[in-house]
S.K.: 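This is the structure I want to talk about, given as structure tokens.
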Amino acid sequence: MATFPIYIRHFDGSQRAFDITLTDTVKDVKEMMEEGDMFDLIYAGAELDDKQTLEPNMELEMVVDRQKLAESRADEIFDYEGSSFWEYGGATTESERGYVEMEFPPPTDININMMPFVFGDKNSIPSEYHGYLPLINSCWGLRSGQICYLTIQESLVKKDTSQRRAGLHIETPGSFENLHPKHRLGGGDNMRVDWGIGVMEYSCYGGIYMSSTVSDSCRVFNCRIREDKLTEPGIVRSHGDVSHLEPEIMLACEKFREKYKKFKSAGNHVLHMKPKRLYWITDRTPHESLPLAEDTYRQYFRVVSPSISVWFADHSTANPLGIVPPSDVIILEGNKFESDGSHHSEPGVTPSRG
């Protein structure tokens with residue numbers, strides 16, 4: 001049977017030619033391509049039906065079918081076995097499902113980020129932050145004597161803006177390759193960057209604790225990037241950005257809900273954080289700060305556990321009492337978003353794996 005060419009503009013920008021027959025359909029052409037059925041073919045701005053036949057010399061455009069792609073790789077990228085976040089609960093309270101409302105101190109416009117302190121030693125925390133000691137002491141999975149990292153932000157958040165980082169992200173940037181070139185190691189850049197880690201095995205170990213005074217100001221997803229995918233190119237983008245994986249994230253959360261539908265926790269497959277609740281997440285748990293419906297004063301609290309690989313000096317708060325990150329943490333200087341004036345203060349130090 002006679003054949004004729006058609007031309008397809010691949011989503012990578014290249015143009016590819018295929019020889020087909022008059023009886024070949026769009027579905028037949030898709031089967032010729034290595035991407036399988038994970039894309040649609042567009043002609044003159046319109047999507048072609050799989051049963052449609054094609055004409056000689058047609059120039060088509062290949063567009064990824066995002067939902068099909070997500071369905072094919074959600075399990076490959078995300079782990080939803082067990083919980084990827086947790087809400088702090090009390091044993092005797094009468095509140096909803098036993099969860100405790102945390103006590104925040106009166107605000108004083110505090111703004112500190114990743115300040116090192118010794119967990120369990122209030123004398124390692126400046127007195128102006130002692131109003132947050134009850135919250136700090138409620139971080140149940142940490143051990144006394146560990147150097148942890150305290151963030152407090154008290155500020156007016158304008159309508160339609162978020163106080164913290166918007167867009168789906170995880171706390172670890174994945175690998176050193178996803179840091180600015182000036183902050184890479186110059187070797188071993190595919191190593192994991194730890195930013196609290198976090199493991200749930202009957203209780204929470206390591207990880208990140210956070211709370212705020214404003215309802216629906218943060219959204220958390222009950223899944224996590226698989227450990228073996230963190231350093232794979234293209235999975236986690238710059239500074240932990242995973243917004244491009246939103247369809248996969250939503251599917252993984254739906255699978256969590258289905259897997260644990262007999263349990264109350266299944267309803268928490270996507271969680272809008274409630275005010276004055278203490279939450280625990282891993283550094284692989286997707287989350288995002290949400291824009292607020294009106295001007296609102298918000299207090300935000302976070303403690304990151306000791307397992308960090310790097311500490312960005314220009315983006316973090318030095319402790320005036322002299323507490324510094326331990327020697328196995330790489331101190332990076334300079335703005336992590338800019339290209340000048342930065343260097344490793346301790347080149348060659350191996351990142352913390354603890």
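In this chain, numbering begins with 1 at the start of the sequence shown. Please read all numbers here as calculations on a predicted model, not as lab measurements.
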S.K.: Working note: L251 + F78, criterion side-chain contact (heavy atoms from CB on, under 4.5 Å); need CA distance, chi angles, decisive distance, verdict.
M.R.: CA-CA 9 Å; L251 277 171; F78 287 94; over 6 Å; no

S.K.: Find out if a path of hydrophobic residues (ILVMFWY) with successive side-chain heavy-atom gaps under 4.5 Å connects L292 to M210.
M.R.: no

S.K.: With side-chain hydrogen bond (donor to acceptor under 3.5 Å, both in side chains) as the rule and sequence neighbours excluded, what pairs involving residues 153-163 come up?
M.R.: Y132-E154, Q153-R164, E154-Q299, S155-Q163, Q163-R298

S.K.: Which of these, T3, L54, D28, sits in a side chain to side chain contact (heavy atoms under 4.5 Å, CB included) with T21?
M.R.: T3

S.K.: Drop me the distance from M33's CE to F18's CZ, to the nearest 0.5 angstrom.
M.R.: 4.0 Å

S.K.: To the nearest 0.5 Å, what is the distance between OG on S243 and CG on L168?
M.R.: 6.5 Å

S.K.: Start with the C-alpha distance between V270 and M250, add both sets of side-chain angles, then the distance that settles side-chain contact (heavy atoms from CB on, under 4.5 Å), and finish with yes or no.
M.R.: CA-CA 8 Å; V270 179; M250 297 306 298; 4.2 Å; yes

S.K.: Could you see if L321 belongs to whatever hydrophobic cluster contains I110? Use Ile, Leu, Val, Met, Phe, Trp, Tyr and a side-chain cutoff under 4.5 Å.
M.R.: no

S.K.: Is it the case that one hydrophobic cluster holds both W195 and V220, taking links as side-chain heavy atoms less than 4.5 Å apart, direct or via other members?
M.R.: yes

S.K.: What closest approach, in Å, do L135 and S211 show between heavy atoms, and which atom pair accounts for it?
M.R.: CD2-CB, 4.3 Å

S.K.: Restricting to non-hydrogen atoms, name the atom on Q146 and the atom on P306 that form the minimum distance, rounded to 0.1 Å.
M.R.: CB-CG, 3.5 Å

S.K.: Check the pair V236 / L230 against side-chain contact (heavy atoms from CB on, under 4.5 Å), numbers first and verdict last.
M.R.: CA-CA 6 Å; V236 180; L230 272 182; 4.0 Å; yes

S.K.: Any chance you could lay out the side-chain contact (heavy atoms from CB on, under 4.5 Å) test for E248 and I225, step after step, and finish with the verdict?
M.R.: CA-CA 10 Å; E248 286 85 352; I225 301 280; over 6 Å; no

S.K.: Measure from the side-chain N and O atoms of H169 to the backbone N and O of R237, and report whether any donor-acceptor pair falls under 3.5 Å.
M.R.: no

S.K.: Tell me who clusters with Y297, hydrophobic residues only, linked when side chains sit under 4.5 Å apart either directly or through other members.
M.R.: L156

S.K.: As an exercise, state the distance from CZ of F4 to CG of N57, rounded to the nearest 0.5 Å.
M.R.: 8.5 Å

S.K.: Quick check: does any side chain N or O of K30 sit under 3.5 Å from a backbone N or O of F39, one acting as donor and the other as acceptor?
M.R.: yes

S.K.: What's in the same ILVMFWY side-chain cluster as V63, cut-off under 4.5 Å, chained through other members?
M.R.: I42

S.K.: Start with the C-alpha gap between N113 and Y149, add the side-chain angles, then the distance that decides, and say whether side chain to side chain donor-acceptor pair (under 3.5 Å) holds.
M.R.: CA-CA 8 Å; N113 186 60; Y149 303 88; over 6 Å; no

S.K.: Please report the shortest heavy-atom distance between V29 and L41, naming the atom on each side.
M.R.: CG1-CD1, 4.2 Å

S.K.: Ignoring hydrogens, what is the shortest heavy-atom contact between T172 and D283? Give both atom names and the distance.
M.R.: CG2-O, 3.0 Å

S.K.: CG of N222 to OG1 of T285: how many Å apart, nearest 0.5 Å?
M.R.: 7.5 Å

S.K.: Enumerate the side-chain hydrogen bond (donor to acceptor under 3.5 Å, both in side chains) contacts for residues 225-235, please, sequence neighbours excluded, ordered by first and then second residue.
M.R.: E76-K229, R192-E227, E227-R284, K229-E232

S.K.: Would you say E254 has more than 12 foreign heavy atoms packed within less than 6.0 Å of its CD?
M.R.: yes

S.K.: Applying side chain to side chain donor-acceptor pair (under 3.5 Å), can you list everything that pairs with R224, at least two apart in sequence or on another chain?
M.R.: D79, S84

S.K.: Identify whether M102 and L133 are in the same connected component of the hydrophobic contact network (ILVMFWY, side-chain heavy atoms under 4.5 Å).
M.R.: yes

S.K.: Can you check whether K122's main-chain N or O pairs, donor with acceptor, with H130's side chain at less than 3.5 Å?
M.R.: yes

S.K.: Treat each ILVMFWY residue as a node, draw an edge where side-chain heavy atoms are under 4.5 Å apart, and state whether I20 and L22 are in one component.
M.R.: yes

S.K.: Any side-chain heavy-atom pair from L150 and I112 closer than 4.5 angstrom?
M.R.: yes

S.K.: List for me each residue that meets side chain to side chain contact (heavy atoms under 4.5 Å, CB included) alongside S238, sequence neighbours excluded, and say none if there are none.
M.R.: none

S.K.: Side chains of E171 and H287: donor-acceptor distance under 3.5 Å anywhere?
M.R.: yes

S.K.: Less than 4.5 Å apart, any side-chain heavy atom of I331 and any of V324?
M.R.: no

S.K.: Heavy-atom distance under 4.5 Å between the side chains of S305 and I197, does that happen here?
M.R.: no

S.K.: Give the minimum heavy-atom separation between V193 and S175, together with the two atoms involved.
M.R.: CG2-C, 3.6 Å

S.K.: Would you compute the distance between atom OH of Y205 and atom CH2 of W280 and round it to the nearest 0.5 angstrom?
M.R.: 10.5 Å

S.K.: Would you say that I152 contacts Y300 through its side chain, given a criterion of any heavy-atom pair below 4.5 Å between the two side chains?
M.R.: no

S.K.: Which label fits F119 and F117: parallel for a plane angle under 30°, tilted from 30 to 60°, or perpendicular past 60°?
M.R.: tilted

S.K.: Is there a side-chain contact between Y209 and S138 in this structure, where contact means two heavy atoms from C-beta onward sitting under 4.5 Å apart?
M.R.: no

S.K.: Between E288 and R219, does the salt bridge (charged side-chain N to carboxylate O under 4.0 Å, His left out) criterion hold? Intermediate values first, please.
M.R.: CA-CA 5 Å; E288 61 181 338; R219 185 166 64 151; 2.4 Å; yes

S.K.: Taking all heavy atoms of L290 and all of D216, pick out the closest pair and write down the distance.
M.R.: CD1-O, 3.4 Å

S.K.: When you measure from the side chain of Y279 to the backbone N and O of K274, does any donor-acceptor pair fall under 3.5 Å?
M.R.: yes

S.K.: Could you tell me the separation between the OG atom of S215 and the CE atom of M273, rounded to the nearest 0.5 Å?
M.R.: 10.0 Å

S.K.: Are the side chains of S289 and C218 in touch, meaning some heavy atoms are under 4.5 Å apart?
M.R.: no

S.K.: Is there side-chain contact between V304 and M114, with at least one heavy-atom pair below 4.5 Å?
M.R.: yes

S.K.: Does any part of the side chain of R73, heavy atoms only, come nearer than 4.5 Å to the side chain of L245, both counted from C-beta?
M.R.: yes

